Visitor: 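There's a structure below that I have some questions on.
Proteins get letters first, then strands, A, B, ... in listed order; numbering begins at 1 in each. This structure is a prediction, so every number in the text was calculated from the model and none was measured.
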Amino acid sequence: MYRDMTCGQPRQSDSGKTITLSGWVHRRRDHGGLTFIDLRDFSGLMQVVFNEDSAPEAHALAGDLRSEWVIQVKGTVQERRVGADNPDLPTGTVEIIASELTVLNRSETPPFEVEDDLNVADETRLRYRFMDLRRPRMYRNMKLRHDVIQAARNYMVGEDFLEIETPILLKSTPEGARDYVVPSRVHPGSFYALPQSPQQLKQLLMVSGMDRYFQFAHCFRDEDLRADRQPEHTQIDFEMSFVEQEDVLQILEGLYTAMVRETRPDLEVPTPFPRMTYAEAIERYGSDKPDVRFGMEVSRLTDIVADSGFGVFESVAAAGGAVRAIVAPGCADYTRRQTDELIEFVKSSGAQGLIPMHIAAEADSLEEVTLEDIRSPIRNHVSLETLKEMARTTDAEPGDLMLIIAGPEQVVNVAISNLRVEMGRRLGLADPGVFNFLFVVDFPLFEWDDDRDGWAAMHHVFSSPRPQDVGMLDSDPGAVLGQLYDLVLNGVELGSGSIRIVDRAIQEKVFELIGHSPEQVEERFGHLLRAFQYGAPPHGGMGLGLDRIVMLLAGEDNIREVIAFPKTQAAVDPLFEAPGAITDEQLEELSIRVVESGG
RNA sequence: GGCCCCGUGGUGUAGCGGUCCAACACGCCGCCCUGUCAAGGCGGAGAUCGGCAGUUCGAAUCUGCUCGGGGUCGCCA
């Protein structure tokens, strides 16, 4: 045994014991005849004292120690002398009086210090991830991730779900994201694809009578990265037979309250999780994943300003676009510099611009506001009555700052909802101690795809329309709502799910609507549809981003912080230098020739 | 694919046309020190400023291209 205890364990009750500890040299404080070593492992720090008088050999050796060397120390646990306690350390009331020291391994000088309050470029951290992960914060995140997984597994097992693994090497399905593909050696010119989700597999498991399935599923998507998006991520994936939407939502609520309770009992989780329709979410927040911890709802001014005399508003309204606004309470004194910043912000969210409207705090009420009280680029173009009507509609008061965005509906919604979140952040409106889960339901089944000039599945092709909407599949596809639901937490989409289609006629109709020929359907989904002809139970389920919920539970704002070996924005692993070339022999075996890109 | 920000010793930053063969902090190396815990004192080494091409009498500093990193819009069934 290299150790009797871990570094963070010994307490006053252990004093007098002779123990052996192993770990990394966190810091050395050499006082000449007396040397202190902070010995570190995953569990914490322990101060080790080397005294020239009592252990000359160990003391001499301790003088050679350097940061991150791996050592083994034998010594006696002792209460620290009066006044020498370190209240910052859990082990700060004791220390080890070393009698023996063994150097187990040396270390090069580290590229950065193993400290939590680290300020090092992400790429450097990833290049030396094995050092980066030694930081207590990273261990905490990995441990939290572990605990979240255990809590989820316990809950799912308790609800009679079966944990079943599904293959990673499967077939490309041309829906959705780009696939990562793997060439087949045995079948030259053929490729496996890594799963974007185990969607079809879990549906097959339902047809197989497995009743309730779950899995921590690795999912791969070859799309551009973001702070909360990696090329591979882990989903808590589950599917249930003989259920309706509400049954699935009940499981979700139970699962997530359990996960939070087990890992962050300090957080407040209001239950039951509220249900909000997609339409309501868009109307009130401009987003299908609203942060409902605070108000600042989005108003619609299109009708009021359609004939206001302000050209931008009029042309947007005439083109069928939207004029929407939020109110930043008490922000009428924002400076030009501050509003310019906000303009840059909304531009980066895709909007053309942003029109601020300051309502001076001097007036006692909105009705007493005069043109003098209003500061805005539209002030000289729009009548006072219209300005007031805009303020009334948004519930703006004297002293408030209205922020108005005009443009195509979807562009406005993206920008105004991002702006709302940004203002909420600036004004400190969102309580970080509250986890406000929200079910967004009744998503449209289809959305119009301008590129393809046709309907596309909002979620995926197997999601079922609401029974009452089936009749509209022919007459008005855009109005058909699905048995589709998202779980949203504090403005972050955690996952999507649906009740699946098991009726062949409806399935064929859906394929037809999104422009799949029977041949394409057979090619892409024949296996699943054939299975459905052999007795498919009604079923539904969900895929949930594990990394994101762990990120939120950890209080991190980047998903890389809760993934042991994440990739950079260019989908590179700087430690492995992946992806990399393969040998000519490998290429030969795979019948692959690499050609220069045409440019 | 678009937009924005960043790239200076090991790490993080300062310098933003000559006074910079580059400053500071931490780290590193050496010496001293028996109670420190971001130990302390003294001394020292270490970057030609991501790369290339230009502008200029002169560039870390300006311009163009390029590479790398981060954020974001598109994209992500």
Side-chain angles (χ1 to χ4, degrees), chain A residues 26-39 45-54 59 63 66-68 80-89 91-92 95 97 108-115 117-128 131 173-179 196-197 199-200 219-231 233 344-351 410-411 414-415 418 422 443 445-447 449-451 455-463 482 484 493 496 498 510 514 516 524-525 543 545 557-558 560 567-570 572 574:
Chain A
H26 185 66
R27 225 175 275 284
R28 181 176 57 116
R29 293 179 293 279
D30 188 345
H31 290 234
L34 193 67
T35 297
F36 299 94
I37 297 287
D38 289 335
L39 190 63
L45 290 177
M46 172 56 60
Q47 174 162 282
V48 181
V49 185
F50 294 90
N51 191 313
E52 190 172 25
D53 296 336
S54 57
H59 174 266
R66 292 294 181 272
S67 285
E68 301 307 313
R80 293 196 186 184
R81 55 179 64 177
V82 177
D85 287 358
N86 184 345
D88 296 332
L89 288 183
T91 59
E95 61 195 6
I97 308 301
E108 298 285 313
T109 299
F112 49 79
E113 292 170 71
V114 179
E115 287 288 355
D117 53 352
L118 189 68
N119 182 17
V120 177
D122 278 16
E123 196 196 2
T124 308
R125 289 179 54 199
L126 292 184
R127 197 179 299 283
Y128 296 92
M131 307 252 351
T173 54
E175 309 302 308
R178 270 185 288 269
D179 287 313
Q196 298 179 21
S197 90
Q199 182 62 37
Q200 297 185 38
C219 301
F220 306 85
R221 295 175 186 179
D222 187 3
E223 295 293 344
D224 289 350
L225 285 76
R226 290 283 190 284
D228 63 354
R229 245 157 56 185
Q230 281 274 309
H233 70 287
E344 283 312 305
F345 178 85
V346 300
K347 280 184 177 173
S348 78
S349 285
Q410 288 189 12
V411 172
V414 167
N418 284 350
E422 172 65 14
F443 277 78
L445 202 55
F446 305 104
E447 59 187 342
D449 183 344
D450 282 330
D451 293 338
W455 294 106
M458 187 87 154
H459 184 45
H460 64 63
V461 291
F462 304 114
S463 295
L484 274 175
E493 181 195 321
S496 301
S498 66
V510 167
I514 60 179
H516 282 9
R524 296 171 186 179
F525 306 108
D557 55 12
N558 194 301
R560 290 188 297 267
K567 295 189 174 54
T568 68
Q569 199 167 67
V572 165

Visitor: List the residues meeting side chain to side chain contact (heavy atoms under 4.5 Å, CB included) with A:T124, not counting sequence neighbours, and say none if there are none.
Guide: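 Partners of A:T124 under the side chain to side chain contact (heavy atoms under 4.5 Å, CB included) test: A:F112, A:V120, A:A121, A:Y128.
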Visitor: What residues, two or more places apart in sequence or in another chain, satisfy side chain to side chain donor-acceptor pair (under 3.5 Å) together with A:E68?
Guide: A:R40, A:R134
Visitor: Using a cut-off of 4.0 Å on non-hydrogen atoms, how would the nucleic acid contact of A:E95 be classed: base, sugar-phosphate, or nothing?
Guide: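 It contacts base atoms.
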Visitor: Restricting to nitrogen or oxygen on both sides, can you table the protein-nucleotides 8-12 of chain B pairs closer than 3.5 Å?
Guide:
{"unit_1": "B:rG10", "atom_1": "O2'", "unit_2": "A:P111", "atom_2": "O", "d": "3.0"}
{"unit_1": "B:rU11", "atom_1": "O4'", "unit_2": "A:P111", "atom_2": "O", "d": "3.1"}
{"unit_1": "B:rG12", "atom_1": "OP1", "unit_2": "A:A121", "atom_2": "N", "d": "2.9"}
{"unit_1": "B:rG12", "atom_1": "O3'", "unit_2": "A:N119", "atom_2": "ND2", "d": "3.4"}
{"unit_1": "B:rG12", "atom_1": "O2'", "unit_2": "A:N119", "atom_2": "ND2", "d": "3.0"}

Visitor: Between the protein and nucleotides 49-51 of chain B, which nitrogen or oxygen pairs come in under 3.5 angstrom?
Guide:
none

Visitor: Can you check the A:R80 CZ to B:rU36 P distance for me, whole Å?
Guide: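 Rounded to the whole Å, the gap is 11 Å.
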Visitor: Apply side chain to side chain contact (heavy atoms under 4.5 Å, CB included) to A:A227 and list each qualifying residue two or more places apart in sequence or on a separate chain.
Guide: A:N558
Visitor: Which is true for A:D88 with a 4.0 Å heavy-atom rule: it touches a base, it touches only sugar-phosphate, or it touches nothing?
Guide: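 Since no nucleic acid heavy atom lies under 4.0 Å of A:D88, the category is nothing.
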Visitor: Can you sort out the partners of A:T568 under side chain to side chain donor-acceptor pair (under 3.5 Å), two or more places apart, ordered by chain and number?
Guide: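 Partners of A:T568 by the side chain to side chain donor-acceptor pair (under 3.5 Å) criterion come out as none, since no residue qualifies.
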Visitor: Treat primed atoms plus P, OP1 and OP2 as sugar-phosphate and everything else as base, then score nucleotides 70-75 of chain B 5' to 3': B for base contact with protein heavy atoms under 4.0 Å, S for sugar-phosphate contact only, - for none.
Guide: BBBBBB
Visitor: Can you tell which of B:rG69, B:rG35, B:rC28 lies closest to the side chain of A:S67?
Guide: B:rC28
Visitor: Determine the contact category for A:R66: base if any of its heavy atoms lies under 4.0 Å from a base atom, sugar-phosphate if only primed atoms, P, OP1 or OP2 are that close, otherwise nothing.
Guide: sugar-phosphate
Visitor: Salt bridge check, A:E113 against A:R27: does any charged N sit closer than 4.0 Å to a carboxylate O?
Guide: yes
Visitor: Please produce a list of atom pairs where a protein N or O lies less than 3.5 Å from an N or O of nucleotides 23-25 of chain B.
Guide:
none

Visitor: Applying side chain to side chain contact (heavy atoms under 4.5 Å, CB included), name anything that partners A:E422, two or more places apart in sequence or on another chain.
Guide: A:F345, A:R425, A:R426
Visitor: What is the nucleic acid contact for A:Q199, judged by heavy atoms within less than 4.0 Å: base, sugar-phosphate only, or nothing?
Guide: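 Touches a base.
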Visitor: Please list, chain by chain and in numerical order, all residues satisfying side chain to side chain donor-acceptor pair (under 3.5 Å) with A:R560, sequence neighbours excluded.
Guide: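 A:R560: side chain to side chain donor-acceptor pair (under 3.5 Å) contacts with A:D122.
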Visitor: Suppose we screen for side chain to side chain donor-acceptor pair (under 3.5 Å). Which residues come up paired with A:Q410, at least two apart in sequence or across chains?
Guide: none
Visitor: Which residues satisfy the side chain to side chain contact (heavy atoms under 4.5 Å, CB included) test with A:A457, sequence neighbours excluded?
Guide: A:V461
